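Working notes, structure below.
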Amino acid sequence: MMMMKIEKRTCLSAGEPLQDVLSTGLGDAVTTVSPVKIPMDIKMPYVIYGVGGETDRSDKQRTCLDVCMVTLDIFAENYGECVDISEACRELLSGKRITHAFKDGSALVIDCSRMTDFDDGMTADGYYHRAVSFRVKSV
């Protein structure tokens, strides 16, 4: 399969840079950081992320901003561990500028401006999870 060359990366491509930052920063604290779908036979704790809600907004200089929401779902065997991993994710992303080079030679710089939302609860098998959302924009 031939690799496509992307000239300009947008927030649609934010998943890979975020996965790199979270995987590196969380290290052995989680078994995996994975997009959208939970891998089969995965052991807790783990992080699943999704990128959505891409919108164009204008700033005061009337330039177009590429903005999306990133949601992290953190799964662990106990509530305290979920909270700790959530705090670590927030520390790794909030207020950070991430620069990422893709295999095709293109690049993306994103700002993770702030955490916008969070929630917690239990899964069907009794484990807690915490969903954390971040506003992200490409610059």
Side-chain angles (χ1 to χ4, degrees):
M1 180 189 226
M2 190 170 91
M3 184 184 310
M4 292 179 60
K5 170 70 175 153
I6 307 299
E7 295 299 321
K8 182 175 190 265
R9 293 283 178 169
T10 68
C11 278
L12 291 171
S13 298
E16 186 177 315
L18 293 167
Q19 182 177 20
D20 278 359
V21 167
L22 292 171
S23 294
T24 301
L26 295 173
D28 293 338
V30 296
T31 58
T32 191
V33 176
S34 179
V36 185
K37 185 178 176 186
I38 301 170
M40 297 298 289
D41 300 325
I42 193 73
K43 292 182 180 178
M44 292 189 193
Y46 57 87
V47 177
I48 304 298
Y49 66 89
V51 178
E54 182 187 9
T55 58
D56 286 333
R57 297 186 183 169
S58 295
D59 65 8
K60 292 178 182 176
Q61 290 82 29
R62 298 188 183 266
T63 57
C64 189
L65 298 177
D66 188 35
V67 180
C68 67
M69 296 301 293
V70 172
T71 300
L72 308 177
D73 293 310
I74 296 102
F75 295 84
E77 293 187 23
N78 66 66
Y79 187 76
E81 187 174 30
C82 273
V83 171
D84 290 349
I85 294 169
S86 296
E87 290 285 6
C89 289
R90 183 178 189 171
E91 187 175 309
L92 288 166
L93 298 178
S94 284
K96 302 295 196 286
R97 180 169 278 200
I98 299 167
T99 302
H100 182 80
F102 291 85
K103 290 177 185 172
D104 68 356
S106 62
L108 177 64
V109 178
I110 56 175
D111 279 335
C112 296
S113 58
R114 60 188 169 91
M115 188 173 82
T116 59
D117 193 17
F118 71 93
D119 193 12
D120 61 6
M122 294 179 69
T123 63
D125 52 358
Y127 297 112
Y128 292 95
H129 73 275
R130 177 167 291 248
V132 182
S133 298
F134 292 88
R135 183 175 176 268
V136 174
K137 67 178 180 178
S138 61
V139 291

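Please read all numbers here as calculations on a predicted model, not as lab measurements. When reading the values below, keep in mind they use all heavy atoms of this one structure, side chains included, and skip hydrogens, waters and symmetry mates.
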Checklist outcome for this item: Minimal heavy-atom distance between Glu81 and Glu77, with the atoms involved, is OE1-N, 3.7 Å
Checklist entry - For the atom pair CG (Leu22) and OG (Ser34), what is the distance rounded to the nearest 0.5 Å? => result 12.0 Å
Checklist entry - Does the side-chain contact (heavy atoms from CB on, under 4.5 Å) test come out yes or no for Cys112 and Leu18, once each step is laid out? => result CA-CA 9 Å; Cys112 296; Leu18 293 167; 3.8 Å; yes
Checklist entry - Quick one: NZ on Lys43 to OG1 on Thr32, what's the gap to the nearest 0.5 Å? => result 13.5 Å
Item to check | Exercise: identify the closest heavy-atom pair between Asp104 and Ile6 | outcome: OD2-N, 2.9 Å
Checklist outcome for this item: Rounded to the nearest 0.5 Å, the CG atom of Asp84 sits from the CG atom of Asn78 at a distance of 8.5 Å
Checklist outcome for this item: Exactly one of Val33, Leu26, Leu93 clears side-chain contact (heavy atoms from CB on, under 4.5 Å) with Val21, and that residue is Leu93
Next on the checklist: Let's go through Ile98 and Asp20 carefully: what are the C-alpha distance in whole Å and the side-chain angles of both, what is the deciding distance for side-chain contact (heavy atoms from CB on, under 4.5 Å) to 0.1 Å, and is it a yes or a no?
Outcome noted: CA-CA 10 Å; Ile98 299 167; Asp20 278 359; over 6 Å; no
Item to check | Where Leu108 and Arg9 come nearest, the two heavy atoms and their spacing | outcome: CD1-O, 3.7 Å
Item to check | Steps toward side-chain contact (heavy atoms from CB on, under 4.5 Å) verdict (Val132, Cys89) | outcome: CA-CA 9 Å; Val132 182; Cys89 289; 5.9 Å; no
Checklist entry - Of Val47, Val30, Asp120, which meets side-chain contact (heavy atoms from CB on, under 4.5 Å) against Ile74? => result Val47
Checklist entry - Is the backbone N or O of Phe102 less than 3.5 Å from a side-chain atom of Ser106, with the two atoms forming a donor-acceptor pair by type? => result no
Checklist outcome for this item: What one should report as the nearest heavy-atom pair of Pro17 and Ser13 is CD-O, 3.1 Å
Item to check | Lys96 to Glu91 - nearest heavy-atom pair and separation | outcome: NZ-O, 2.9 Å
Checklist entry - Is there a path from Phe134 to Val36 through hydrophobic residues (I, L, V, M, F, W, Y) whose side chains come within less than 4.5 Å of each other? => result no
Next on the checklist: Tell me whether the count of non-hydrogen atoms from other residues, nucleotides or ligands lying under 6.0 Å of NZ in Lys8 goes above 12.
Outcome noted: no
Checklist outcome for this item: In terms of heavy-atom contacts, Gly52 and Cys68 come closest through O-CB, 3.5 Å
Checklist entry - To the nearest 0.5 Å, how far apart are CG in Leu92 and CD in Glu87? => result 11.5 Å
Checklist entry - Okay, side chain of Thr116, backbone of Ser133: is any donor-acceptor separation there less than 3.5 Å? => result yes
